[in-house]
Each structure stands twice: as C-alpha cells, then as structure tokens.
There are 2 protein chains.
Amino acid sequence: MNVQLKSAGPNCGDCPIRHRAVCARCEADELAALEKIKYYRNFEAGQTIVWSSDRMDFVGSVVSGFATLTQTMEDGRTQMVGLLLPSDFVGRPGREGSAYDVTATTDVVMCCFHKKPFEQMMISTPHIAQRLLEMTLDELDAAREWMLVLGRKTAREKIASLFSILARRDPKEIANGANDVTFDLALTREAMADYLGLTLETVSRQVSALKRDGLIELISKRRIHVPDLARLMEEAGDDSDGGHIA
Amino acid sequence: MNVQLKSAGPNCGDCPIRHRAVCARCEADELAALEKIKYYRNFEAGQTIVWSSDRMDFVGSVVSGFATLTQTMEDGRTQMVGLLLPSDFVGRPGREGSAYDVTATTDVVMCCFHKKPFEQMMISTPHIAQRLLEMTLDELDAAREWMLVLGRKTAREKIASLFSILARRDPKEIANGANDVTFDLALTREAMADYLGLTLETVSRQVSALKRDGLIELISKRRIHVPDLARLMEEAGDDSDGGHIA
DNA sequence: GACGGTCCTTGACACAGATCAAGCGGGGAA
DNA sequence: TTCCCCGCTTGATCTGTGTCAAGGACCGTC
C-alpha cells in the first residue's frame, strides 16, 4: 500500500527517509529497536518487487524511485490501483500475502523490515499500529477518490487528475505550494492508461490536447511543465483544494 | 468505512451484532468498558447518516439495514465508493470529519460509540487499533478490487460483479456457500449506476440482458434469484474464487 | 377505482473512447 | 554515422455506453 505522509518524523537512523512512515511518535528506544530489524533492497526499473501470489516476508518504505501496484484479470486487462513514491509504505502487517503485483517503474531503493519482528514491535509499541492505521486510512481515502476518477471523469479530466497528483507529489516540488510546477513522468503512456482505465492511444491524444490548450508543456515526453497548477486542477474537476491522492 | 468481517467475536452485550467489529480479541473488562460508551441510533430509508462536510462525533457498526458511501462532484456527478451492510464499521478514529456522505437506503440501526472515549479506549486497548487496522486493510482491498471493476470491466461484467457481491453478502445466505442464491436488492437502478460508473438506463438494459440469458431471475424488481452463482461470477470476470468486495 | 408519483424499461440516436493501422522520433548499439 | 527498436503520435473507423424521449408497472392516497 502507499501512503502520503503528513509530516516528517524525527531522525531515527541513516535511512534516507528515516522511517518517517512508522516512527513519527516513537521514543528513542523504540527507534533503536526499529534500526535493528531494518535492511535495504534495490530493484531495477521494470523489476517486479512482489507478485500478487507471493507470500510477503517484509514490510517497508520506498526510499527512492517510483513503483506501482497493479491487478490483472485472466484475459490480460490490467488496472493499476496505486502509485508508490518515496516515503510510501508497502506491506500488509498481519496478512499472509500481497493482494497486488508491485513493480518498480524506475530503479527503486526500499527500506525494509522483516515482517515477523516488525509485527512483534507493533504489539509492543502501540504507536506503530496507530500510525499504520492512520496511513491505511489515507490510502483508503486515496483509493476512493480514485474510484470517482475511474467511474465518473472524462478522459481529459482523468489525465488532468493524474498530472495534478504527480505535480503535487514530486519530490522537488513537494510542499512548496508553487502554482508553477515541473515534474518527471515516471510512467509510460501505457502505464498511465492502466491507471486511468483508458487505452494508451486515448492517453496520448488527451495529453496532446492539454498541451495544445496550454495547460501543460512537454519539456520532453517524460517531463511535464505545468504553468498554472490551479487551472489544471480545475480542469480535473477537483474541488477547490483538491483531494490528496496517491 | 465498511468492513467485511472474517469471524464473529464473543458476546459482549445486548447489541445484536455484539461489537464484532471491535472486540474479537477483547477481554471481559474491555468489553464491559465498551458497553458503557455504546448507544443506538435509528435512521429512516433515504436519510443521510453523515454529510461529507460534517464533523463526525461517533464511530460504530451497522446493526441492520443497508447504507452507502458516496462522493459527489460540484456538477452533480456522483460515485458510490462503498456499501454498508450489517456488521460493517463506520467512522475514522483519529480523524476530524467524514470524507463521504453516508446515506441509509433502507431503515438502518447503528450501534455507536462516542468518538472521544472510543479513541481513548484505542490507546489503552491495543487489540482495538490492531483490529481496526485489519478492518481497514480489508476495506482497502475491497476499494482496489472495485477500481478494477470501474476501470476495466464492461457494463455487463459490472452488473454481474455487483450481484455476485450482494449474493455472497446477503444476511440470509451468508457463509452457507450455496450456489443457488436469492437476495434482496436494496439499491435503486440509479444507485446501482452510481456504484458501477454507469447510467441507470444502461443498468436497466444489462439487468434485462442477464435475465434474458438465464443468469438471473427477477422475483420482483428488487429481489433477485441466482440459479448458478459460479456462472454469474464467471460472467463477472472474477478469478475462480472471487475477491471479497463490499 | 381513479389519480399521481416514483421507479423502471425500452427505443432511437449521438458521441466519447476503443480499435485498427500507419508512421514518427529519439536513444542506444555497432 | 546508420540502423533498429521501443515508445509515442496521429488518422480512420467502429462500437459500447450515454442521452433524450416515451411509456409501463407498481403503490399509496383520496
């Protein structure tokens, strides 16, 4: 699952994201215990991090890179159900397997915890379960917000919704509240189509249309400049301040 | 949020659903504490239980009846993002407001807890946060499964998916595993359309088509007989045993 | 029993997006 | 440099679902 963080936690080690996902309210000794069960894993672009049928023996956070969660029907139709950006959490404490395929779309570094000891820490450290509950509620809000996008928005609105999210979550732009934003598009047109419930041709046409209408500029095919984020969000049909989605 | 329960908990009071949602692992004294902060609320069919802009001062479970969670855009397009059946949990511990409109579609009885004391119990009783985390993970799975329905399934598959879920969750049929099922349809054609991302006319046409093809029989407009649930699930494009969705 | 209201069904037609098809372009390999 | 490949764009056409419209079924009220 992926999580949008509301606030950074204290420094609890040399992990670049410093366990923000799980330690915002932890005490020093709890952080030290987390340190002991942590390790790093690297994945290459295109590599599958977890298969939906796998038993997952770890939980963790994305440190750098970009990954996706997808579901696939037997006949090959696929739907992306979540994006994983740096600081997002992956894993299902208390669950056996993964429900989705998790795939790296760029090179990815993950900060992981072995699942068993992490679950034990959850029991001994109530903050952690509470923090995970909060994060999971954020996920749920994001998933349901995306249901509105999938069920009721037009192709143009869908693209605008996706770009609004990516613009607001870009590592370099995050939290600066600027209205003029540039971001990297880690997704192919096909991956965008799978997230939006469209075909790649429709995605390509609508991206061209947004460019023609001056809502976006293509610095390259995978780098987007948004001169007026508020206008793009309006195009997406978002209410004034927009939902937070990942 | 709504939750599909995996197992019934112990009896912890006179509430018809016996706090199953929150007390499956609670001790007797914890159950007694829950009893003290519980109360009942009744809603009539069509009544709004919570507005999305409201501050929610309670959490609770549906005891009887049928309710829905919906999101609406300014221009009136609406998307249902969840169904609430008996034993499902409503509320966002640790959060200020509701993110969705919650509406009773039949008469509804809720077993509620005042939010502040419930949150205090969550802190003093780690089982509860862990149980809520499990429930929220179930919700998240259900929401993401529904994203696949919204993004990639045809109108016919969408209707078949909805009927499969309702057939498997009907209070009278639940857990008996029968392949020949009859259930009440608490939703209007319009509400079904809002859940499925369709128009009510398309819903009506596809229901007629499923009837014509012998996959369902209409005992009345709001009561459905499924002679072969496995075949209906196949029509929905579900993998063999189907996901659990609500 | 007639009336009115709500929900539902069905038909005719329109259109957004899918499908099929052709070709472009930029980056890596030799 | 040239070539190739993959991701992307664009055009032409098709089709599933939306839209608009008419009327039917059921139910409660007078």
Side-chain angles (χ1 to χ4, degrees), chain A residues 44-46 66 68 73 75-79 103 105-106 149-163 184-213 216-224 235 237, chain B residues 44-46 66 68 73 75-79 103 105-106 149-163 184-213 216-224 235 237:
Chain A
E44 288 173 24
F66 194 105
T68 62
M73 293 170 68
D75 63 7
R77 283 179 279 179
T78 77
Q79 176 66 47
T103 311
T105 62
T106 65
V149 172
L150 290 172
R152 291 303 187 196
K153 291 195 179 177
T154 64
R156 164 182 270 245
E157 289 169 332
K158 286 177 174 181
I159 302 282
S161 296
L162 176 61
F163 284 179
D184 282 314
L185 189 55
L187 300 166
T188 64
R189 299 290 186 259
E190 184 178 24
M192 291 169 63
D194 283 341
Y195 197 37
L196 298 168
L198 298 170
T199 60
L200 70 92
E201 293 95 332
T202 298
V203 169
S204 181
R205 276 186 250 273
Q206 295 298 335
V207 170
S208 298
L210 289 177
K211 178 180 155 194
R212 172 169 36 72
D213 299 346
I216 59 172
E217 289 154 26
L218 298 193
I219 294 169
S220 76
K221 286 193 199 306
R222 298 288 196 89
R223 190 159 174 81
I224 310 280
E235 200 72 30
Chain B
E44 289 172 26
F66 195 104
T68 63
M73 293 171 68
D75 64 7
R77 282 178 280 179
T78 77
Q79 176 66 48
T103 311
T105 62
T106 65
V149 172
L150 290 172
R152 290 303 185 195
K153 291 195 180 179
T154 65
R156 164 182 269 245
E157 289 169 331
K158 286 178 174 180
I159 302 282
S161 296
L162 176 60
F163 284 0
D184 281 314
L185 188 57
L187 300 165
T188 65
R189 298 291 186 263
E190 184 177 24
M192 291 169 62
D194 283 341
Y195 196 37
L196 298 167
L198 298 169
T199 59
L200 70 92
E201 293 95 330
T202 297
V203 169
S204 182
R205 275 186 252 272
Q206 296 298 335
V207 170
S208 298
L210 289 178
K211 179 180 154 193
R212 171 167 39 70
D213 299 345
I216 59 171
E217 288 154 28
L218 298 192
I219 294 170
S220 75
K221 286 192 199 310
R222 296 291 195 87
R223 190 160 175 79
I224 311 279
E235 200 72 31

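Below, read A as the first sequence line, B as the second, and so on, with proteins coming before strands; counting in each chain starts at 1. Because the structure is a prediction, the values reported are computed rather than measured.
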Under 4.0 Å, counting only non-hydrogen atoms across every strand here, what does [X] touch: a base, just sugar-phosphate, or nothing?
{"X": "T188(A)", "answer": "sugar-phosphate"}
{"X": "L200(B)", "answer": "base"}
{"X": "S220(A)", "answer": "nothing"}
{"X": "R222(A)", "answer": "sugar-phosphate"}

Rounded to whole Å, please give me the gap between [atom1] in [X] and [atom2] in [N].
{"X": "I159(A)", "N": "dC8(D)", "atom1": "CD1", "atom2": "P", "value": "12 Å"}
{"X": "K153(B)", "N": "dG17(C)", "atom1": "NZ", "atom2": "P", "value": "22 Å"}
{"X": "D194(B)", "N": "dC7(C)", "atom1": "CG", "atom2": "C1'", "value": "15 Å"}
{"X": "R77(A)", "N": "dG16(D)", "atom1": "CZ", "atom2": "P", "value": "13 Å"}
{"X": "K221(A)", "N": "dC24(C)", "atom1": "NZ", "atom2": "P", "value": "13 Å"}
{"X": "K158(A)", "N": "dA18(C)", "atom1": "NZ", "atom2": "P", "value": "7 Å"}
{"X": "R189(B)", "N": "dC26(D)", "atom1": "CZ", "atom2": "P", "value": "13 Å"}
{"X": "E190(B)", "N": "dC8(C)", "atom1": "CD", "atom2": "P", "value": "9 Å"}

Do E201(A) and dC20(C) have a side chain to base donor-acceptor pair shorter than 3.5 Å?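 Donor-acceptor pair under 3.5 Å: yes.
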
dT19(C) base to R205(A) side chain: any donor-acceptor pair below 3.5 Å?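 Checked by distance alone, the answer is yes.
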
OP1 or OP2 of [N] under 4.0 Å from side-chain N/O of [X]:
{"X": "S204(A)", "N": "dT9(D)", "value": "yes"}
{"X": "T202(B)", "N": "dG16(D)", "value": "no"}
{"X": "T154(A)", "N": "dA16(C)", "value": "no"}

Closer than 3.5 angstrom, by distance alone: can the side chain of R189(A) be matched with the main-chain N or O of V203(A) as a donor-acceptor pair?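 A pair under 3.5 Å: no.
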
Output yes when a side-chain donor or acceptor of T106(A) lies under 3.5 Å from a complementary backbone atom of A45(A), and no otherwise.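 No, because the side chain of T106(A) does not come within donor-acceptor range (under 3.5 Å) of the backbone of A45(A).
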
Could you please name the option among dG17(C), dG18(D), dT9(C) that lies closest to any side-chain atom of L198(B)?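 The closest nucleotide is dG18(D).
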
Using the rule side-chain contact (heavy atoms from CB on, under 4.5 Å), only one of D194(B), L200(B), T202(B) pairs with L198(B); which is it?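 Answer to the side-chain contact (heavy atoms from CB on, under 4.5 Å) test with L198(B) among D194(B), L200(B), T202(B): T202(B).
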
Check K211(B) with E217(B), please: is the shortest side-chain N to carboxylate O separation under 4.0 Å?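 Salt bridge flag = no for K211(B) with E217(B).
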
Taking everything shown except E190(A) itself, do over 12 heavy atoms lie less than 6.0 Å from its CD?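 Check fails, neighbour count at 12 or below.
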
